[in-house]
Engineer: 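Could you have a look at this structure, given as structure tokens, before my questions?
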Number of protein chains: 2
Amino acid sequence: MKSVKSPEELVVAFRAAGLKVTPQRQLLFRLLHGNEMHPTAETLYEVASAEMPGISLRTVYQTLTDLAAMGELQHIQLGGAARFDPNVDDHHHSVCDACGDVRDVYAPNPDHVSVAGLDGFSVRAARIVFSGKCPRCAGAADDLSVSKQ
Amino acid sequence: MKSVKSPEELVVAFRAAGLKVTPQRQLLFRLLHGNEMHPTAETLYEVASAEMPGISLRTVYQTLTDLAAMGELQHIQLGGAARFDPNVDDHHHSVCDACGDVRDVYAPNPDHVSVAGLDGFSVRAARIVFSGKCPRCAGAADDLSVSKQ
DNA sequence: CCCTAATTCGCAATGCTTGCGAATTAACAA
DNA sequence: TTGTTAATTCGCAAGCATTGCGAATTAGGG
Ligand SMILES: [Mn+2]
Ligand SMILES: [Mn+2]
Ligand SMILES: [Zn+2]
Ligand SMILES: [Zn+2]
């Protein structure tokens with residue numbers, strides 16, 4: 001279970017890579033650390049703006065791209081805006097059809113032997129997405145009053 | 001292994017749903033039948049245009065949306081343009097990092113018992129995406145001469 | 001303190017998809 | 001066949017997410 005890098009470690013990693021450590025980046029390092037919400041760039045931008053008015057969405061995207069390039073962040077494409085995950089551990093996700101909530105799921109990796117159709121394909125990663133209803137939304141039946149989280 | 005509906009069956013299904021059967025739709029039914037390329041709307045539009053000049057991209061999107069709503073088509077989000085899959089069987093995909101090629105993969109469904117983090121989540125579907133290098137691109141090593149398929 | 005390459009950030013541009021509405025047409029009934 | 005009408009087509013504008021660009025600013029080393 002590879003642990004997520006702390007803001008301090010990211011500062012070191014950035015400087016080691018010849019990248020500068022700006023207040024904007026430090027803020028984002030903090031907002032991401034231990035963040036299990038799988039936020040979008042826009043969401044992070046809103047939270048960051050509260051603490052640092054004037055930070056730009058462009059800079060948020062830039063920093064997220066840098067972090068992803070350094071392997072400190074996972075870029076998750078589920079349709080709609082990309083989600084970013086500071087948990088770079090090998091794990092999977094559940095996505096609620098009703099409220100969009102994304103959560104971590106740990107499952108044994110698909111064993112390549114019992115898989116048909118991978119002939120000659122060299123697998124770098126195998127990611128599972130579980131779609132369905134989260135406990136909150138499943139409980140509420142087809143009640144439309146459940147607001148998007 | 002649920003088989004894919006034929007163009008003729010789709011004609012019946014459309015009329016049954018109160019939808020009209022236009023030449024544009026019939027063309028798309030044919031182009032999709034047995035299609036294992038996981039095409040984008042744009043790709044389908046190009047192929048369709050060759051046979052029916054003047055067909056609009058808007059209509060392609062419209063028809064794909066209708067088919068997906070009827071459950072005759074899978075909408076696959078992998079980042080970038082959505083891909084459409086007339087194979088509505090329960091299956092998975094491999095995606096080549098180098099050329100973008102998408103292929104069907106059949107694997108036993110993740111067994112819910114050995115999965116941690118799904119507490120109370122009611123799973124509708126579990127989809128695996130295998131990322132890596134397809135046989136063609138793996139063979140070519142890091143050779144950049146491999147053109148996008 | 002200075003220098004400079006890296007960064008920020010606003011704005012324009014891109015790529016993909018959907019909304020809208022006027023003109024057309026499939027399907028059904030007379 | 002012909003008429004009626006609701007569904008469809010399709011071009012264009014708009015929307016959303018993301019990236020390109022470049023002038024102004026700034027981190028960090030000398
Ligand atoms: Mn995660
Ligand atoms: Mn498929
Ligand atoms: Zn939910
Ligand atoms: Zn390939």
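Chain letters run A, B, ... following the sequence lines, proteins first and then strands; every chain starts at 1.
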Engineer: If you check the B:Arg58 side chain, which of D:dG20, D:dC12, C:dT8 turns out closest?
Structural biologist: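 Of all the options, the side chain of B:Arg58 is nearest to D:dC12.
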Engineer: Can you tell me how far the CD atom of B:Gln74 sits from the CG atom of B:Asp89, to the nearest 0.5 Å?
Structural biologist: 8.5 Å
Engineer: Nucleotides 28-30 of chain D: which of its N/O atoms have a protein N/O under 3.5 Å away?
Structural biologist:
from: D:dG28; atom 1: OP1; to: A:Arg15; atom 2: NH1; distance (Å): 2.7
from: D:dG28; atom 1: OP1; to: A:Val21; atom 2: N; distance (Å): 2.8
from: D:dG28; atom 1: OP2; to: A:Arg15; atom 2: NH1; distance (Å): 3.1

Engineer: Between A:Gly54 and B:Pro23, which is nearer to the 5' end of DNA chain C once each is assigned its nearest nucleotide?
Structural biologist: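 It is A:Gly54, whose closest nucleotide lies nearer the 5' terminus.
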Engineer: To the nearest Å, give me how far apart NE2 (A:His75) and C1' (D:dT19) are.
Structural biologist: 11 Å
Engineer: Would you sort out whether B:His38 and B:Asn87 count as a side chain to side chain donor-acceptor pair (under 3.5 Å), showing the intermediate values?
Structural biologist: CA-CA 9 Å; B:His38 304 88; B:Asn87 178 356; over 6 Å; no
Engineer: Under 4.0 Å between a side-chain N or O of B:Gln62 and OP1 or OP2 of D:dA7?
Structural biologist: no
Engineer: Taking the side chain of B:Ala81 as heavy atoms from C-beta outward, which of C:dT17, C:dT8, D:dA27 is closest to it?
Structural biologist: C:dT17
Engineer: Any carboxylate oxygen within less than 4.0 angstrom of a Lys/Arg side-chain nitrogen, looking at B:Asp101 and B:Arg103?
Structural biologist: yes
Engineer: Does a side-chain heavy-atom distance below 4.5 Å link A:Val115 with B:Phe130?
Structural biologist: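 Contact flag for A:Val115/B:Phe130 side chains = yes.
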Engineer: Within this structure, what is the CD-to-P distance between A:Gln77 and C:dC16, rounded to whole angstrom?
Structural biologist: 12 Å
Engineer: If you assign B:Phe84 and A:Phe14 each to the DNA chain C nucleotide with the nearest heavy atom, which residue ends up on the more 5' nucleotide?
Structural biologist: A:Phe14
Engineer: Rounded to the Å, how far apart are A:Arg83 CZ and D:dT18 P?
Structural biologist: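 From A:Arg83 CZ to D:dT18 P: 11 Å.
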Engineer: What's the CG-P distance between B:Leu44 and C:dC16, to the nearest Å?
Structural biologist: 14 Å
Engineer: Heavy atoms only, 4.0 Å cut-off, all strands: where does A:Ala41 land among base, sugar-phosphate and nothing?
Structural biologist: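 Result for A:Ala41 = nothing.
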Engineer: So A:Glu42, base contact, sugar-phosphate only, or nothing? Heavy-atom distance under 4.0 Å.
Structural biologist: nothing
Engineer: Side chain to side chain contact (heavy atoms under 4.5 Å, CB included), that's the test. Do A:Leu67 and A:Phe84 meet it? Break it down for me.
Structural biologist: CA-CA 10 Å; A:Leu67 283 165; A:Phe84 295 88; over 6 Å; no
Engineer: B:Leu28 CG to D:dC10 C1': how many Å, rounded?
Structural biologist: 14 Å
Engineer: For a quick check under 3.5 Å, do B:Glu42 and B:Thr40 share a side-chain donor-acceptor pair by atom type?
Structural biologist: no
Engineer: Which of these, B:Val60, B:Leu19, B:Leu10, B:Thr59, sits in a side-chain contact (heavy atoms from CB on, under 4.5 Å) with B:Arg25?
Structural biologist: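 That would be B:Leu19; it is the only one of B:Val60, B:Leu19, B:Leu10, B:Thr59 passing the side-chain contact (heavy atoms from CB on, under 4.5 Å) with B:Arg25.
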Engineer: Once you round it to whole Å, what is the distance between P of D:dT8 and CG of B:Asp66?
Structural biologist: 7 Å
Engineer: Separation of A:Gln24 atom CD from D:dT26 atom P, in whole Å?
Structural biologist: 9 Å
Engineer: Starting from C1' on D:dA27, measure out to CG on A:Leu27 and report it in whole angstrom.
Structural biologist: 17 Å
Engineer: D:dT8, OP1 or OP2 - any side-chain N/O from B:Arg25 closer than 4.0 Å?
Structural biologist: yes
Engineer: Out of C:dT18, C:dC9, D:dT19, which nucleotide sits closest to the side chain of A:Thr59?
Structural biologist: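 In terms of side-chain proximity for A:Thr59, the closest of C:dT18, C:dC9, D:dT19 is C:dC9.
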